[in-house]
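Read the structure below first, then the notes.
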Protein chains: 2
Amino acid sequence: MNPARTANTARAHSTRKRTRIQEANEEKILDAGLEVFSTYGFRGATVDQIAALAGMTKPNLLYYFRRKDDIYLAVLQRTLEMWLQPLAALSAKGDPAAEITAYIDRKLELSRENPKASRLFAIEIMQGAPVLGEVLSGRLKELVDEKAAVIRAWVAAGKLAPIDPYHLIFMIWATTQHYADFEVQIRAVLGDRADRGDHFDTARRTLERVFLGGIDGTTPPA
Amino acid sequence: MNPARTANTARAHSTRKRTRIQEANEEKILDAGLEVFSTYGFRGATVDQIAALAGMTKPNLLYYFRRKDDIYLAVLQRTLEMWLQPLAALSAKGDPAAEITAYIDRKLELSRENPKASRLFAIEIMQGAPVLGEVLSGRLKELVDEKAAVIRAWVAAGKLAPIDPYHLIFMIWATTQHYADFEVQIRAVLGDRADRGDHFDTARRTLERVFLGGIDGTTPPA
DNA sequence: AGATTTCCTGACCATTTGGTCAAGGGAAAA
DNA sequence: TTTTCCCTTGACCAAATGGTCAGGAAATCT
(Lines give C-alpha, C1' and ligand atoms only; values in the text may rest on other atoms or scores of the structure.)
Protein backbone atom coordinates (compact mmCIF):
# COMPACT_ATOMS: atom_id res chain seq x y z
CA MET A 1 0.00 0.00 0.00
CA ASN A 2 2.48 2.65 1.04
CA PRO A 3 6.16 2.63 0.19
CA ALA A 4 8.68 1.59 2.77
CA ARG A 5 10.22 4.07 5.12
CA THR A 6 13.57 2.32 5.33
CA ALA A 7 16.17 4.29 3.44
CA ASN A 8 17.74 1.05 2.22
CA THR A 9 18.44 2.53 -1.18
CA ALA A 10 20.18 0.03 -3.41
CA ARG A 11 20.95 -3.55 -2.77
CA ALA A 12 24.31 -3.57 -4.28
CA HIS A 13 26.57 -4.65 -1.51
CA SER A 14 26.51 -1.73 0.82
CA THR A 15 30.00 -2.09 2.20
CA ARG A 16 31.84 -2.39 -1.11
CA LYS A 17 32.73 0.64 -3.20
CA ARG A 18 30.56 1.57 -6.17
CA THR A 19 31.44 0.25 -9.60
CA ARG A 20 31.21 2.28 -12.80
CA ILE A 21 28.56 -0.10 -14.10
CA GLN A 22 26.67 0.23 -10.88
CA GLU A 23 26.81 3.99 -11.05
CA ALA A 24 25.70 4.07 -14.65
CA ASN A 25 22.87 1.59 -14.21
CA GLU A 26 21.53 3.18 -11.08
CA GLU A 27 21.39 6.48 -12.89
CA LYS A 28 19.56 4.93 -15.83
CA ILE A 29 17.07 3.39 -13.41
CA LEU A 30 16.51 6.62 -11.52
CA ASP A 31 15.97 8.51 -14.75
CA ALA A 32 13.48 5.93 -15.95
CA GLY A 33 11.87 5.87 -12.52
CA LEU A 34 11.43 9.62 -12.52
CA GLU A 35 9.80 9.46 -15.92
CA VAL A 36 7.36 6.73 -14.97
CA PHE A 37 6.58 7.69 -11.38
CA SER A 38 6.06 11.34 -12.35
CA THR A 39 3.47 10.25 -14.88
CA TYR A 40 1.61 7.46 -13.14
CA GLY A 41 2.41 7.86 -9.45
CA PHE A 42 3.71 5.09 -7.26
CA ARG A 43 0.84 2.67 -7.69
CA GLY A 44 0.25 3.32 -11.35
CA ALA A 45 3.88 2.72 -12.26
CA THR A 46 5.12 -0.80 -12.97
CA VAL A 47 8.58 -2.19 -12.47
CA ASP A 48 8.53 -3.73 -15.94
CA GLN A 49 7.84 -0.33 -17.43
CA ILE A 50 10.72 1.28 -15.57
CA ALA A 51 13.03 -1.59 -16.50
CA ALA A 52 12.08 -1.34 -20.17
CA LEU A 53 12.66 2.41 -20.17
CA ALA A 54 16.00 1.92 -18.47
CA GLY A 55 16.90 -0.60 -21.16
CA MET A 56 17.29 -3.61 -18.95
CA THR A 57 15.44 -6.69 -17.81
CA LYS A 58 13.31 -6.63 -14.69
CA PRO A 59 15.50 -9.01 -12.68
CA ASN A 60 18.48 -6.89 -13.61
CA LEU A 61 16.79 -3.75 -12.34
CA LEU A 62 15.82 -5.58 -9.18
CA TYR A 63 19.45 -6.46 -8.68
CA TYR A 64 20.12 -2.77 -8.07
CA PHE A 65 16.90 -1.86 -6.30
CA ARG A 66 15.34 -4.82 -4.57
CA ARG A 67 11.87 -3.35 -4.29
CA LYS A 68 9.69 -0.91 -6.15
CA ASP A 69 9.58 1.16 -2.97
CA ASP A 70 13.35 1.55 -3.06
CA ILE A 71 13.32 3.03 -6.55
CA TYR A 72 10.57 5.45 -5.61
CA LEU A 73 12.36 6.53 -2.48
CA ALA A 74 15.65 7.00 -4.28
CA VAL A 75 14.02 9.07 -7.01
CA LEU A 76 12.33 11.30 -4.46
CA GLN A 77 15.52 11.74 -2.47
CA ARG A 78 17.54 12.59 -5.53
CA THR A 79 15.18 15.43 -6.48
CA LEU A 80 14.30 16.74 -3.03
CA GLU A 81 17.29 19.01 -2.44
CA MET A 82 16.90 20.60 -5.83
CA TRP A 83 13.32 21.31 -4.91
CA LEU A 84 13.98 23.01 -1.61
CA GLN A 85 17.00 24.99 -2.71
CA PRO A 86 15.32 28.06 -4.29
CA LEU A 87 13.34 28.98 -1.20
CA ALA A 88 16.40 28.42 0.97
CA ALA A 89 18.19 30.96 -1.19
CA LEU A 90 15.72 33.72 -0.37
CA SER A 91 17.76 36.18 1.63
CA ALA A 92 16.58 38.62 4.28
CA LYS A 93 19.38 40.97 3.34
CA GLY A 94 18.37 41.71 -0.22
CA ASP A 95 15.74 44.06 -1.54
CA PRO A 96 12.29 42.51 -1.00
CA ALA A 97 10.98 42.96 -4.52
CA ALA A 98 14.25 41.79 -6.04
CA GLU A 99 14.45 38.76 -3.76
CA ILE A 100 10.93 37.67 -4.53
CA THR A 101 11.40 38.24 -8.23
CA ALA A 102 14.54 36.14 -8.12
CA TYR A 103 12.69 33.42 -6.25
CA ILE A 104 9.92 33.37 -8.85
CA ASP A 105 12.49 33.21 -11.64
CA ARG A 106 14.38 30.34 -10.06
CA LYS A 107 11.24 28.33 -9.42
CA LEU A 108 9.96 28.93 -12.93
CA GLU A 109 13.30 27.96 -14.37
CA LEU A 110 13.17 24.74 -12.40
CA SER A 111 9.72 24.02 -13.81
CA ARG A 112 11.07 24.48 -17.28
CA GLU A 113 14.20 22.44 -16.78
CA ASN A 114 12.78 19.65 -14.69
CA PRO A 115 9.01 19.37 -15.12
CA LYS A 116 9.12 15.68 -14.25
CA ALA A 117 10.46 16.39 -10.79
CA SER A 118 7.67 18.87 -10.26
CA ARG A 119 5.06 16.35 -11.31
CA LEU A 120 6.66 13.68 -9.15
CA PHE A 121 6.19 15.80 -6.04
CA ALA A 122 2.73 16.86 -7.15
CA ILE A 123 1.55 13.28 -7.51
CA GLU A 124 3.19 12.21 -4.27
CA ILE A 125 1.43 15.02 -2.43
CA MET A 126 -1.91 14.43 -4.10
CA GLN A 127 -1.73 10.81 -3.03
CA GLY A 128 -1.48 12.03 0.54
CA ALA A 129 2.31 12.29 0.73
CA PRO A 130 2.80 8.76 2.11
CA VAL A 131 6.55 9.10 1.80
CA LEU A 132 7.18 12.84 1.97
CA GLY A 133 4.66 13.50 4.72
CA GLU A 134 7.30 13.87 7.39
CA VAL A 135 9.46 16.07 5.21
CA LEU A 136 6.53 18.41 4.62
CA SER A 137 5.69 18.89 8.28
CA GLY A 138 9.36 18.81 9.24
CA ARG A 139 12.07 20.32 7.09
CA LEU A 140 9.75 22.06 4.69
CA LYS A 141 7.62 23.61 7.39
CA GLU A 142 10.70 24.88 9.22
CA LEU A 143 12.08 26.38 6.04
CA VAL A 144 8.79 28.07 5.22
CA ASP A 145 8.38 29.34 8.77
CA GLU A 146 11.80 30.90 8.54
CA LYS A 147 11.18 32.60 5.21
CA ALA A 148 7.69 33.65 6.23
CA ALA A 149 9.26 35.52 9.11
CA VAL A 150 11.54 37.28 6.67
CA ILE A 151 8.61 38.34 4.53
CA ARG A 152 6.63 39.40 7.57
CA ALA A 153 9.52 41.63 8.62
CA TRP A 154 9.50 43.22 5.18
CA VAL A 155 5.80 43.88 5.52
CA ALA A 156 6.28 45.33 9.01
CA ALA A 157 8.98 47.63 7.63
CA GLY A 158 6.53 48.90 5.03
CA LYS A 159 8.56 47.42 2.19
CA LEU A 160 5.77 45.11 1.10
CA ALA A 161 2.01 45.37 1.03
CA PRO A 162 0.36 43.74 4.04
CA ILE A 163 -0.08 40.21 2.77
CA ASP A 164 0.05 36.85 4.52
CA PRO A 165 3.57 35.48 3.95
CA TYR A 166 2.49 31.83 3.88
CA HIS A 167 -0.11 32.37 1.23
CA LEU A 168 2.27 34.49 -0.79
CA ILE A 169 4.69 31.57 -0.81
CA PHE A 170 1.86 29.22 -1.78
CA MET A 171 0.96 31.54 -4.64
CA ILE A 172 4.51 31.46 -5.92
CA TRP A 173 4.67 27.68 -5.67
CA ALA A 174 1.33 27.32 -7.39
CA THR A 175 1.98 29.67 -10.28
CA THR A 176 5.48 28.48 -11.07
CA GLN A 177 4.89 24.75 -10.70
CA HIS A 178 1.71 25.02 -12.73
CA TYR A 179 3.82 25.35 -15.86
CA ALA A 180 5.38 21.96 -15.18
CA ASP A 181 2.45 20.07 -13.70
CA PHE A 182 -0.12 21.22 -16.23
CA GLU A 183 2.19 21.45 -19.20
CA VAL A 184 -0.19 19.44 -21.36
CA GLN A 185 -3.10 21.73 -20.61
CA ILE A 186 -1.04 24.85 -21.19
CA ARG A 187 0.13 23.62 -24.55
CA ALA A 188 -3.42 22.63 -25.49
CA VAL A 189 -4.88 25.99 -24.52
CA LEU A 190 -2.11 28.09 -26.00
CA GLY A 191 -2.19 26.09 -29.22
CA ASP A 192 0.11 27.73 -31.76
CA ARG A 193 1.14 30.37 -29.26
CA ALA A 194 2.96 27.71 -27.26
CA ASP A 195 5.33 27.03 -30.13
CA ARG A 196 5.74 30.54 -31.52
CA GLY A 197 8.46 31.95 -29.32
CA ASP A 198 9.00 31.04 -25.73
CA HIS A 199 5.86 31.05 -23.65
CA PHE A 200 7.98 30.54 -20.55
CA ASP A 201 9.34 34.00 -21.10
CA THR A 202 5.85 35.47 -21.35
CA ALA A 203 4.96 33.54 -18.24
CA ARG A 204 7.90 34.97 -16.37
CA ARG A 205 7.07 38.54 -17.33
CA THR A 206 3.41 38.07 -16.45
CA LEU A 207 4.19 36.52 -13.08
CA GLU A 208 6.64 39.25 -12.17
CA ARG A 209 4.26 41.97 -13.26
CA VAL A 210 1.25 40.59 -11.37
CA PHE A 211 3.16 39.77 -8.21
CA LEU A 212 4.86 43.13 -8.12
CA GLY A 213 2.12 45.41 -9.31
CA GLY A 214 -1.11 43.48 -9.55
CA ILE A 215 -3.46 43.77 -12.48
CA ASP A 216 -4.85 47.15 -11.61
CA GLY A 217 -4.54 49.45 -14.58
CA THR A 218 -5.43 52.67 -12.78
CA THR A 219 -2.03 52.98 -11.10
CA PRO A 220 0.49 51.84 -13.72
CA PRO A 221 3.85 50.60 -12.42
CA ALA A 222 7.02 52.62 -12.74
CA MET B 1 -3.23 1.56 -21.48
CA ASN B 2 -5.49 4.51 -22.13
CA PRO B 3 -9.20 4.58 -21.32
CA ALA B 4 -11.76 4.04 -24.01
CA ARG B 5 -13.15 6.91 -25.98
CA THR B 6 -16.57 5.38 -26.43
CA ALA B 7 -19.05 7.23 -24.26
CA ASN B 8 -20.82 3.96 -23.48
CA THR B 9 -21.46 5.07 -19.91
CA ALA B 10 -23.39 2.42 -18.05
CA ARG B 11 -24.37 -0.98 -19.15
CA ALA B 12 -27.73 -1.06 -17.59
CA HIS B 13 -30.10 -1.63 -20.44
CA SER B 14 -29.82 1.58 -22.38
CA THR B 15 -33.37 1.64 -23.75
CA ARG B 16 -35.21 1.02 -20.48
CA LYS B 17 -35.94 3.76 -18.01
CA ARG B 18 -33.69 4.17 -14.98
CA THR B 19 -34.65 2.43 -11.74
CA ARG B 20 -34.26 3.97 -8.30
CA ILE B 21 -31.79 1.26 -7.38
CA GLN B 22 -29.88 1.92 -10.54
CA GLU B 23 -29.81 5.63 -9.86
CA ALA B 24 -28.69 5.14 -6.27
CA ASN B 25 -26.01 2.60 -7.09
CA GLU B 26 -24.57 4.53 -9.97
CA GLU B 27 -24.23 7.53 -7.72
CA LYS B 28 -22.51 5.48 -5.04
CA ILE B 29 -20.11 4.14 -7.65
CA LEU B 30 -19.35 7.56 -9.08
CA ASP B 31 -18.71 8.96 -5.63
CA ALA B 32 -16.39 6.10 -4.81
CA GLY B 33 -14.76 6.40 -8.21
CA LEU B 34 -14.09 10.09 -7.69
CA GLU B 35 -12.49 9.37 -4.35
CA VAL B 36 -10.22 6.64 -5.68
CA PHE B 37 -9.35 8.04 -9.10
CA SER B 38 -8.62 11.47 -7.65
CA THR B 39 -6.12 9.91 -5.30
CA TYR B 40 -4.42 7.27 -7.41
CA GLY B 41 -5.17 8.22 -10.99
CA PHE B 42 -6.61 5.85 -13.55
CA ARG B 43 -3.92 3.23 -13.48
CA GLY B 44 -3.30 3.35 -9.77
CA ALA B 45 -6.96 2.84 -8.93
CA THR B 46 -8.42 -0.64 -8.72
CA VAL B 47 -11.96 -1.74 -9.39
CA ASP B 48 -12.03 -3.75 -6.17
CA GLN B 49 -11.13 -0.65 -4.23
CA ILE B 50 -13.91 1.37 -5.81
CA ALA B 51 -16.39 -1.43 -5.28
CA ALA B 52 -15.44 -1.77 -1.63
CA LEU B 53 -15.79 1.97 -1.10
CA ALA B 54 -19.15 1.94 -2.83
CA GLY B 55 -20.21 -0.87 -0.52
CA MET B 56 -20.79 -3.55 -3.12
CA THR B 57 -19.10 -6.53 -4.70
CA LYS B 58 -16.98 -6.16 -7.79
CA PRO B 59 -19.30 -8.11 -10.10
CA ASN B 60 -22.15 -5.96 -8.87
CA LEU B 61 -20.27 -2.79 -9.70
CA LEU B 62 -19.39 -4.22 -13.11
CA TYR B 63 -23.06 -4.78 -13.69
CA TYR B 64 -23.50 -1.02 -13.78
CA PHE B 65 -20.22 -0.08 -15.44
CA ARG B 66 -18.81 -2.84 -17.55
CA ARG B 67 -15.28 -1.57 -17.63
CA LYS B 68 -12.96 0.46 -15.47
CA ASP B 69 -12.71 2.92 -18.32
CA ASP B 70 -16.45 3.52 -18.17
CA ILE B 71 -16.35 4.52 -14.51
CA TYR B 72 -13.45 6.86 -15.12
CA LEU B 73 -15.17 8.46 -18.07
CA ALA B 74 -18.42 8.90 -16.21
CA VAL B 75 -16.69 10.46 -13.22
CA LEU B 76 -14.85 12.90 -15.45
CA GLN B 77 -17.99 13.82 -17.35
CA ARG B 78 -19.96 14.38 -14.19
CA THR B 79 -17.45 16.91 -12.89
CA LEU B 80 -16.47 18.59 -16.14
CA GLU B 81 -19.29 21.11 -16.42
CA MET B 82 -18.82 22.22 -12.85
CA TRP B 83 -15.19 22.81 -13.68
CA LEU B 84 -15.74 24.97 -16.73
CA GLN B 85 -18.62 26.98 -15.36
CA PRO B 86 -16.77 29.69 -13.38
CA LEU B 87 -14.72 30.89 -16.34
CA ALA B 88 -17.80 30.82 -18.56
CA ALA B 89 -19.44 33.14 -16.06
CA LEU B 90 -16.79 35.83 -16.53
CA SER B 91 -18.66 38.66 -18.18
CA ALA B 92 -17.32 41.34 -20.48
CA LYS B 93 -19.96 43.73 -19.25
CA GLY B 94 -18.94 43.92 -15.60
CA ASP B 95 -16.17 45.90 -13.99
CA PRO B 96 -12.83 44.21 -14.76
CA ALA B 97 -11.51 44.12 -11.22
CA ALA B 98 -14.85 42.96 -9.85
CA GLU B 99 -15.24 40.27 -12.51
CA ILE B 100 -11.78 38.87 -11.90
CA THR B 101 -12.23 38.98 -8.16
CA ALA B 102 -15.51 37.12 -8.52
CA TYR B 103 -13.81 34.54 -10.74
CA ILE B 104 -11.08 33.99 -8.19
CA ASP B 105 -13.66 33.63 -5.43
CA ARG B 106 -15.71 31.11 -7.37
CA LYS B 107 -12.70 29.01 -8.28
CA LEU B 108 -11.41 29.06 -4.73
CA GLU B 109 -14.81 28.13 -3.41
CA LEU B 110 -14.87 25.19 -5.79
CA SER B 111 -11.49 24.07 -4.50
CA ARG B 112 -12.81 24.16 -0.98
CA GLU B 113 -16.07 22.40 -1.75
CA ASN B 114 -14.82 19.83 -4.19
CA PRO B 115 -11.09 19.25 -3.82
CA LYS B 116 -11.41 15.73 -5.16
CA ALA B 117 -12.70 16.97 -8.49
CA SER B 118 -9.76 19.33 -8.70
CA ARG B 119 -7.30 16.53 -8.01
CA LEU B 120 -9.05 14.27 -10.51
CA PHE B 121 -8.44 16.76 -13.30
CA ALA B 122 -4.93 17.44 -12.06
CA ILE B 123 -3.98 13.77 -12.20
CA GLU B 124 -5.66 13.24 -15.54
CA ILE B 125 -3.73 16.16 -17.01
CA MET B 126 -0.44 15.15 -15.44
CA GLN B 127 -0.83 11.72 -16.99
CA GLY B 128 -0.99 13.41 -20.36
CA ALA B 129 -4.76 13.94 -20.50
CA PRO B 130 -5.46 10.66 -22.35
CA VAL B 131 -9.19 11.22 -21.97
CA LEU B 132 -9.57 14.97 -21.64
CA GLY B 133 -7.00 15.80 -24.29
CA GLU B 134 -9.60 16.69 -26.87
CA VAL B 135 -11.62 18.72 -24.40
CA LEU B 136 -8.56 20.78 -23.53
CA SER B 137 -7.68 21.67 -27.10
CA GLY B 138 -11.36 21.94 -28.05
CA ARG B 139 -13.96 23.34 -25.72
CA LEU B 140 -11.54 24.61 -23.11
CA LYS B 141 -9.30 26.35 -25.61
CA GLU B 142 -12.29 28.03 -27.23
CA LEU B 143 -13.59 29.19 -23.88
CA VAL B 144 -10.20 30.53 -22.84
CA ASP B 145 -9.70 32.24 -26.20
CA GLU B 146 -13.02 33.97 -25.76
CA LYS B 147 -12.30 35.17 -22.23
CA ALA B 148 -8.74 36.12 -23.12
CA ALA B 149 -10.19 38.45 -25.73
CA VAL B 150 -12.36 40.03 -23.05
CA ILE B 151 -9.38 40.60 -20.81
CA ARG B 152 -7.33 41.93 -23.68
CA ALA B 153 -10.05 44.45 -24.42
CA TRP B 154 -9.97 45.57 -20.80
CA VAL B 155 -6.22 46.03 -21.08
CA ALA B 156 -6.59 47.95 -24.31
CA ALA B 157 -9.15 50.21 -22.65
CA GLY B 158 -6.63 50.95 -19.91
CA LYS B 159 -8.77 49.27 -17.28
CA LEU B 160 -6.14 46.66 -16.53
CA ALA B 161 -2.37 46.69 -16.43
CA PRO B 162 -0.81 45.37 -19.64
CA ILE B 163 -0.58 41.68 -18.84
CA ASP B 164 -0.93 38.59 -21.02
CA PRO B 165 -4.53 37.37 -20.63
CA TYR B 166 -3.69 33.68 -21.04
CA HIS B 167 -1.07 33.69 -18.35
CA LEU B 168 -3.33 35.69 -16.06
CA ILE B 169 -5.92 32.93 -16.41
CA PHE B 170 -3.25 30.31 -15.78
CA MET B 171 -2.23 32.16 -12.64
CA ILE B 172 -5.79 32.13 -11.36
CA TRP B 173 -6.16 28.44 -12.12
CA ALA B 174 -2.86 27.66 -10.47
CA THR B 175 -3.39 29.64 -7.29
CA THR B 176 -6.95 28.56 -6.64
CA GLN B 177 -6.60 24.89 -7.51
CA HIS B 178 -3.41 24.70 -5.48
CA TYR B 179 -5.50 24.73 -2.32
CA ALA B 180 -7.29 21.57 -3.44
CA ASP B 181 -4.48 19.70 -5.17
CA PHE B 182 -1.84 20.36 -2.52
CA GLU B 183 -4.14 20.35 0.48
CA VAL B 184 -1.90 17.91 2.34
CA GLN B 185 1.16 20.10 1.87
CA ILE B 186 -0.71 23.24 2.87
CA ARG B 187 -1.97 21.65 6.06
CA ALA B 188 1.50 20.32 6.84
CA VAL B 189 3.19 23.68 6.31
CA LEU B 190 0.55 25.74 8.07
CA GLY B 191 0.50 23.34 11.01
CA ASP B 192 -1.70 24.76 13.73
CA ARG B 193 -2.57 27.76 11.60
CA ALA B 194 -4.54 25.51 9.28
CA ASP B 195 -6.94 24.62 12.05
CA ARG B 196 -7.16 27.92 13.88
CA GLY B 197 -9.79 29.78 11.91
CA ASP B 198 -10.35 29.36 8.22
CA HIS B 199 -7.20 29.46 6.16
CA PHE B 200 -9.34 29.51 3.02
CA ASP B 201 -10.48 32.96 4.04
CA THR B 202 -6.91 34.14 4.47
CA ALA B 203 -6.13 32.59 1.13
CA ARG B 204 -8.97 34.46 -0.53
CA ARG B 205 -7.93 37.79 0.90
CA THR B 206 -4.31 37.22 -0.06
CA LEU B 207 -5.16 36.18 -3.60
CA GLU B 208 -7.44 39.16 -4.13
CA ARG B 209 -4.89 41.55 -2.70
CA VAL B 210 -1.98 40.25 -4.77
CA PHE B 211 -3.91 39.98 -8.00
CA LEU B 212 -5.40 43.43 -7.65
CA GLY B 213 -2.53 45.35 -6.16
CA GLY B 214 0.58 43.21 -6.21
CA ILE B 215 2.92 42.93 -3.29
CA ASP B 216 4.55 46.31 -3.72
CA GLY B 217 4.37 48.24 -0.48
CA THR B 218 5.47 51.59 -1.83
CA THR B 219 2.12 52.34 -3.47
CA PRO B 220 -0.47 51.05 -1.00
CA PRO B 221 -3.91 50.21 -2.43
CA ALA B 222 -6.90 52.40 -1.86
C1' DA C 1 46.14 -16.54 -16.45
C1' DG C 2 43.37 -17.80 -12.73
C1' DA C 3 40.53 -16.58 -8.94
C1' DT C 4 36.99 -13.68 -7.26
C1' DT C 5 33.47 -10.69 -7.39
C1' DT C 6 30.00 -8.28 -9.91
C1' DC C 7 26.52 -8.36 -13.29
C1' DC C 8 22.81 -10.33 -16.04
C1' DT C 9 19.10 -13.53 -17.51
C1' DG C 10 15.44 -17.13 -18.30
C1' DA C 11 12.42 -19.58 -15.80
C1' DC C 12 9.46 -19.48 -12.21
C1' DC C 13 6.04 -18.19 -8.44
C1' DA C 14 2.32 -16.11 -5.59
C1' DT C 15 -0.79 -12.46 -5.67
C1' DT C 16 -3.44 -8.98 -7.68
C1' DT C 17 -6.27 -7.27 -11.16
C1' DG C 18 -9.82 -6.57 -14.81
C1' DG C 19 -13.46 -9.00 -16.27
C1' DT C 20 -17.00 -13.14 -17.15
C1' DC C 21 -20.79 -16.19 -16.17
C1' DA C 22 -24.42 -19.07 -14.53
C1' DA C 23 -27.68 -19.11 -11.30
C1' DG C 24 -30.38 -17.50 -7.41
C1' DG C 25 -33.01 -13.60 -5.00
C1' DG C 26 -36.11 -9.43 -5.30
C1' DA C 27 -38.94 -5.68 -6.97
C1' DA C 28 -42.64 -4.57 -9.63
C1' DA C 29 -45.75 -5.01 -13.54
C1' DA C 30 -49.68 -8.17 -15.19
C1' DT D 1 -50.25 -14.24 -7.73
C1' DT D 2 -47.71 -15.05 -11.26
C1' DT D 3 -44.61 -13.53 -14.47
C1' DT D 4 -41.01 -10.64 -15.93
C1' DC D 5 -37.62 -8.21 -15.54
C1' DC D 6 -33.78 -6.28 -12.57
C1' DC D 7 -30.29 -7.00 -9.20
C1' DT D 8 -26.67 -9.56 -6.75
C1' DT D 9 -23.24 -12.97 -5.94
C1' DG D 10 -19.75 -16.91 -5.59
C1' DA D 11 -16.83 -19.15 -8.47
C1' DC D 12 -13.87 -18.69 -11.97
C1' DC D 13 -10.34 -17.12 -15.58
C1' DA D 14 -6.47 -15.05 -18.14
C1' DA D 15 -3.27 -11.61 -17.88
C1' DA D 16 -0.35 -8.53 -15.37
C1' DT D 17 2.52 -7.55 -11.57
C1' DG D 18 6.08 -7.62 -7.76
C1' DG D 19 9.53 -10.43 -6.64
C1' DT D 20 12.87 -14.82 -6.34
C1' DC D 21 16.52 -17.89 -7.73
C1' DA D 22 20.09 -20.72 -9.75
C1' DG D 23 23.43 -20.39 -12.79
C1' DG D 24 26.07 -18.38 -16.58
C1' DA D 25 28.65 -14.21 -18.57
C1' DA D 26 31.62 -10.20 -17.71
C1' DA D 27 34.55 -7.47 -15.18
C1' DT D 28 38.05 -6.87 -11.96
C1' DC D 29 41.66 -8.12 -8.94
C1' DT D 30 46.10 -10.69 -7.88
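The sequence lines fix the lettering, A, B, ..., with proteins before strands; numbering per chain opens at 1. Atoms considered below: every heavy atom in the structure, side chains included; atoms not considered: hydrogens, waters and symmetry mates.
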Show each protein N/O and nucleotides 23-28 of chain D N/O combination with a separation under 3.5 Å, one pair to a line.
none

Under 3.5 Å between N/O atoms: give me all the protein pairs with nucleotides 20-25 of chain C, atom names plus distance.
none

Trace of the side chain to side chain contact (heavy atoms under 4.5 Å, CB included) decision for B:R43 with A:R43: CA-CA 8 Å; B:R43 284 180 40 161; A:R43 284 181 38 162; over 6 Å; no
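Contact check, A:N60 against C:dT9: a side-chain N or O comes under 4.0 Å of OP1 or OP2. Between C:dC7 and A:Q22, a contact under 4.0 Å exists linking OP1 or OP2 to a side-chain N or O.
Note: A:H199 and A:Y179 have tilted aromatic rings, judged against thresholds of 30 and 60 degrees for the angle between ring planes. Taking the six-membered ring where the residue is Trp, B:H167 and B:F170 present perpendicular rings, their angle passing 60° and hence far from 30°.
Of the candidates A:D198, A:D201, A:T176, A:D198 is the only one forming a side chain to side chain donor-acceptor pair (under 3.5 Å) with A:R112.
For B:I50 and C:dG19, the CD1 to P distance is 11 Å, given to the nearest whole Å. Distance CG (B:D48) to P (C:dG19): 11 Å, rounded to an integer number of Å. One atom, CD of B:E23, and another, C1' of D:dC7, lie 16 Å apart when rounded to the nearest Å. Whole-Å rounding puts the A:M56 CE to C:dT6 C1' distance at 14 Å. Rounded to whole Å, atom C1' of D:dT8 lies 12 Å from atom CD1 of B:I29.
Closest to the side chain of B:K68, from the set C:dT17, D:dT9, C:dG19, is C:dG19. Distances were taken from every side-chain heavy atom of B:Y63 (C-beta onward) to each of D:dG10, D:dG18, D:dC6; the shortest belongs to D:dC6.
Salt bridge present: B:D48 and B:K58 bring a charged side-chain N and a carboxylate O closer than 4.0 Å. Residues B:E27 and B:R78 are not paired through a salt bridge, judged by the lack of any N-O separation under 4.0 Å between the basic side chain and the carboxylate. Under 4.0 Å is where a charged nitrogen must lie from a carboxylate oxygen, and between A:E23 and A:K28 no such pair does.
In the model, A:Y166 has a side-chain atom that pairs as donor or acceptor with a side-chain atom of A:D145 under 3.5 Å.
Contact annotation for B:A24: no contact, since no heavy-atom pair falls under 4.0 Å across all strands.
With A:E99 contributing its side chain and A:S91 its backbone, the two residues share a donor-acceptor pair below 3.5 Å.
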